[in-house]
Amino acid sequence: MTRTRFAPSPTGFMHIGNLRTALYEYLIAKSQNGKFILRIEDTDQNRLVLEAEKIIFDTLKITGLKYDEGPDIGGNFGPYVQSERKEIYKKYALELIKNNHAYYCFCDKEEFNAEDRFSEKNKCNCKNLSADEIKKNLEAGKNFVIRQNIPDGETSFFDQVYGEITVKNSELDDQVLIKSDGLPTYNFANVIDDHLMEITHVVRGCEYLSSTPKYNLLYKAFGWQIPEYIHLPLILDEHGEKLSKRKGAASFEDLMKMGFLPEAIINYIALLGWSPDNNQEIFSLAELEKKFNVRGLSKSPAIFDLAKLKWMNGEYIKKMDKDKFYNLALDYFKKNIKKSDLDYKFMAEAAQTRVEFIEDAWKLFDFVDELRDYDLDLFLNKKMKVTHEISYDVLNCVLDKLKDIELKNWYGENLKNVLMDLAKEKNLKTGQIFWPLLIALSGKKNTPCGATEIAEMLGKDESLKRINFAIEKLK
RNA sequence: GGCUCGUUGGUCAAGUGGUUAAGACACGGCCCUUUCACGGCUGUAACAGGGGUUCAAAUCCCCUACGAGUCACCA
């Protein structure tokens, strides 16, 4: 059975790249009826961030990436937190030492750090220590790490995205397996855990591509079966650099704060580095589970494009249940617009197809409370052949007609009829009536609905006031 | 610097030896429309460069350029 795992370290926010890795891991498992496991890699005690685990749980919950096993829900392969597995790693490390695939190293940490990174390999003689010397050091309580003993030769592996990759073993370090604090490094722990947890497909960012040969050597040393490897290309920011916190939207939390819907985020990042067999763009998670295949994964890095995510967010807003959108938009209407006798239902409906963020819905109606001064040239409209003169004349006629309408008849449909009649009477195009009126009432070119609907929204007094103001302005 | 990987329009991308080199976002135009939007139609715009192999190359090979990853007691 296919088993994949998401193995984040709890060091802070949920990076978009990590979330996408989790998504693909989830999809690979689910598309094959397999299991998706969450494992917390907290072996670096210095980088732990409080709350970070909660962010991981919450994000997976919000996005719907439901895991089958994990620290908070258990499973048959636990514990699912690496710091609780310390003894397990130790045991396997000792086994490697016994078989000469690893060795004790008593060197001081500082010695190595001081060395030039690009110069010759760290030369540590600990590999050649005699059994006696090792015993003496251990008994003396000397600090040690356990290092992997990389053999000569070369190592190849097959990656489902990048294909066959071969590296000379001389390029590989005798990496540390167990740190001096007794905890394993990622490099060791991931191999042990992936094996013990029976992970079949190791999915991770391609920054691990170059250390994969070392992991393979470990699998080989234990005589374990090597899992399928699926390395993922990077996600970059708009400058072609690594996504970073400083430049804005690097994390899921950031995007949520900006008003993006979780479904839209998931849909968008699914397409960053993967493409389906057809041209479909909008996918629910359930659809992705059905259609995802490793074949569609790309090798080259992708740039995170906020503009396209915005478009997608708009698509999800349009698809959203009307009542749901209404309820969400209502808060913003009430909070930001003072006028209260408004048809919020109507407003929500008008906004739903025009907005990329729910919190922007009210902005379409920002002219309701107050008419901001506007440029006279807004009246000009080539297509409808509207000029300043026509606007002036039309608004005078409109004012004439409207001022006699009784309050009980002041509603959109009726106003529209009255003005249509006016157009006929004056032999004008309908646009030549409605355009100047729209500008006069709203002071803007882009409005969420038509002129008569706005007139209804504003009420008779306010509408006439604004028409008068426009006439004065045009004089 | 060594090693490894990558490079199709501004962006995401399809493409696996013969295509008018898809589609989406963004941008422009047109239609619909009392505005805007939605929707529909449409336009601009790409195989990093150079060598091979082949009747034929975006596709296979080599070189160059550029970019990235890695070379931690971080993951």
Side-chain angles (χ1 to χ4, degrees), chain A residues 7-9 11 18 41-44 46-47 105 107 109 112-113 116-119 121-122 143-147 159 161-163 165-168 170-173 175-187 189-190 204-213 231 233-234 236 238 240-242 268 271-282 296 298-312 314 318 350-355 364 381 384 416 419-420 423 429-439 441-442 444-454:
Chain A
S9 45
T11 53
N18 279 136
E41 309 220 328
D42 60 346
T43 54
D44 185 355
N46 298 319
R47 294 206 309 161
C105 170
C107 295
K109 203 194 291 193
F112 288 109
N113 288 350
D116 180 5
R117 291 180 92 194
F118 303 135
S119 71
K121 286 270 175 292
N122 297 333
N143 266 344
F144 68 87
V145 300
I146 296 177
R147 286 183 183 274
D159 180 88
V161 174
Y162 290 93
I165 295 175
T166 303
V167 188
K168 290 195 190 71
S170 55
E171 296 296 329
L172 274 23
D173 281 343
Q175 61 177 349
V176 170
L177 268 19
I178 301 286
K179 300 182 275 190
S180 52
D181 64 2
L183 282 166
T185 58
Y186 163 85
N187 299 312
N190 91 83
R204 48 155 87 116
C206 65
E207 64 267 28
Y208 294 104
L209 218 36
S210 46
S211 27
T212 299
H231 286 92
L234 259 54
L236 308 172
E238 68 267 36
E241 287 163 28
K242 262 180 138 168
Y268 177 68
L271 261 22
L272 268 188
W274 176 78
S275 65
D277 293 330
N278 54 15
N279 274 330
Q280 189 175 345
E281 298 255 8
I282 303 294
S298 150
K299 290 180 185 186
S300 44
I303 290 174
F304 190 93
D305 182 14
L306 216 56
K308 184 148 187 177
L309 176 57
K310 280 183 188 165
W311 165 78
M312 201 167 266
K318 275 175 230 149
Q352 192 166 359
T353 57
R354 284 158 230 256
V355 115
L364 300 175
N381 188 319
M384 295 176 205
K416 184 174 169 183
L419 294 178
M420 292 294 264
K429 296 169 100 168
T430 46
Q432 290 176 306
I433 302 264
F434 289 107
W435 178 262
L437 181 58
L438 182 88
I439 302 297
L441 294 176
S442 69
K444 45 201 259 188
K445 212 155 76 170
N446 301 349
T447 61
C449 53
T452 53
E453 286 153 334
I454 291 177

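In what follows, chains are A, B, ... by sequence order, proteins preceding strands, each numbered from 1.
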query: Under 3.5 Å, side chain of A:Glu453 to main-chain N/O of A:Gly450, donor-acceptor pair present?
result: yes
By nearest-nucleotide position on RNA chain B, the 5'-leaning member of A:Ala307 and A:Ala451 is A:Ala307
note: A:Lys416, atom NZ; B:rU33, atom P; distance rounded to Å ~ 11 Å
Would you say NZ of A:Lys318 has more than 12 non-hydrogen atoms from neighbouring residues, nucleotides or ligands within 6.0 angstrom? yes
B:rG9 versus B:rG28 - spacing of their C1' atoms, nearest Å:
15 Å
Report task. Pick the C1' atom in B:rG6 and in B:rU42, then give their distance to the nearest Å. Result -> 35 Å
Note to self: Classify A:Asn187 by what it touches in the nucleic acid, base, sugar-phosphate, or nothing, heavy-atom distance under 4.0 Å.
What the structure shows: base
By side chain to side chain contact (heavy atoms under 4.5 Å, CB included), A:Lys444 pairs with (sequence neighbours left out) A:Asp366, A:Phe367, A:Ser442, A:Thr447
Practice task
With C1' as the reference atom in both, quote the distance from B:rU8 to B:rC47 in angstrom, rounded to an integer.
Solution key: 4 Å
Residues A:Arg204 and A:Tyr186: closest non-hydrogen pair is NE-OH, 3.6 Å
Are the side chain of A:Asp159 and the backbone of A:Val161 linked by a donor-acceptor contact shorter than 3.5 Å?
yes
Are A:Leu172 and A:Pro213 close enough that some pair of their side-chain heavy atoms sits under 4.5 Å apart? yes
Worksheet entry | A:Thr185 side chain vs A:Val176 backbone, donor-acceptor pair below 3.5 Å | yes
Review item, nucleotides 37-43 of chain B N/O atoms under 3.5 Å of protein N/O:
{"residue": "B:rA37", "atom": "O2'", "partner": "A:Thr353", "partner atom": "O", "Å": "2.7"}

Whole-Å distance, A:Leu177 CG to B:rC74 P, equals 12 Å
Whole-Å distance, A:Glu207 CD to B:rC74 C1', equals 11 Å
Sorted by position of nearest nucleotide on RNA chain B, 5' first, the leading residue of A:Phe434 and A:Cys206 is A:Phe434
Do A:Thr185 side-chain and B:rC73 base share a donor-acceptor contact under 3.5 Å? no
_Less than 4.5 Å apart, side chain to side chain, heavy atoms only: is that true for A:Leu306 and A:Leu309?_
yes
When rounded to whole Å, the CD to C1' distance for the pair A:Glu453 and B:rU34 reads 9 Å
Between CG of A:Leu172 and P of B:rG69 the distance, given in whole Å, is 20 Å
Q) If the P atom of B:rG49 is compared with that of B:rU7, how far apart are they to the nearest Å? A) 14 Å
What are the atom names and distances for every N/O pair under 3.5 Å that joins the protein to nucleotides 44-49 of chain B?
none

Residues passing the side chain to side chain donor-acceptor pair (under 3.5 Å) test with A:Glu41, sequence neighbours excluded, are A:Arg39, A:Gln82
Taking Watson-Crick and G-U wobble contacts under 3.5 angstrom, with | marking pairs to another strand and [ ] crossing pairs, the secondary structure of RNA chain B is written ((((((((.[[[..)..(....]]].(((((.......)))))....[[[[[..)....]]]]])))))))....
Shortest non-hydrogen pair, A:Ala350 vs A:Thr353, comes out as O-OG1, 3.8 Å
note: A:Ile178, atom CD1; B:rA72, atom C1'; distance rounded to Å ~ 16 Å
**Request:** Using a strict cut-off of less than 4.0 Å between a Lys/Arg side-chain nitrogen and an Asp/Glu carboxylate oxygen, indicate whether A:Lys308 and A:Glu281 qualify as a salt bridge.
**Result:** yes
Protein-proximity profile, nucleotides 4-17 of chain B, B/S/- by nucleotide at the 4.0 Å heavy-atom cutoff, equals SSSS---SSSS-B-
- Is any side-chain heavy atom of A:Asn18 less than 4.5 Å from a side-chain heavy atom of A:Pro8? no
TODO: Rounded to whole angstrom, note down the P distance from B:rU16 over to B:rC73.
DONE: 46 Å
Between A:Leu234 and A:Glu207, is there a side-chain heavy-atom distance shorter than 4.5 Å? yes
TODO: Remember a base hit wins even if backbone is also touched, and classify A:Val145 as base, sugar-phosphate or nothing at under 4.0 Å, heavy atoms.
DONE: base
What's A:Lys445 touching, base or sugar-phosphate or nothing? Going by heavy atoms closer than 4.0 Å. sugar-phosphate
task: Just call it for A:Met384: base, sugar-phosphate, or nothing, with non-hydrogen atoms closer than 4.0 Å on any strand.
output: sugar-phosphate
Among the nucleotides B:rG69, B:rC73, B:rC25, whichever has the atom closest to the side chain of A:Ser180 is B:rC73
| task | Name the nucleic acid region contacted by A:Thr11, choosing base, sugar-phosphate or nothing; use a 4.0 angstrom heavy-atom cut-off, strictly under. | result | nothing
Check: A:His231 main-chain N/O paired with A:Tyr208 side-chain donor or acceptor under 3.5 Å:
no
Closest non-hydrogen contact found for A:Cys449 with A:Leu438 is O-CD1, 3.8 Å
Handout entry: B:rA24 versus B:rC38 - spacing of their P atoms, nearest Å
Key = 15 Å
Legend entry - Donor-acceptor pair, side chain of A:Tyr268 and main chain of A:Asp305, under 3.5 angstrom: yes
**Prompt:** Expressed in whole Å, how much space separates the P atoms belonging to B:rU11 and B:rA48?
**Reply:** 12 Å
Item to complete: In whole angstrom, give me the gap between the P atoms of B:rU34 and B:rG23.
Response: 32 Å
Here the distance between atom P of B:rU33 and atom CD of A:Gln432, to the nearest Å, is 16 Å
Checking B:rC74, B:rC3, B:rG69 against the side chain of A:Glu171 (C-beta onward), the nearest is B:rC3
Separation of B:rC25 atom C1' from A:Gln280 atom CD, nearest Å, is 16 Å
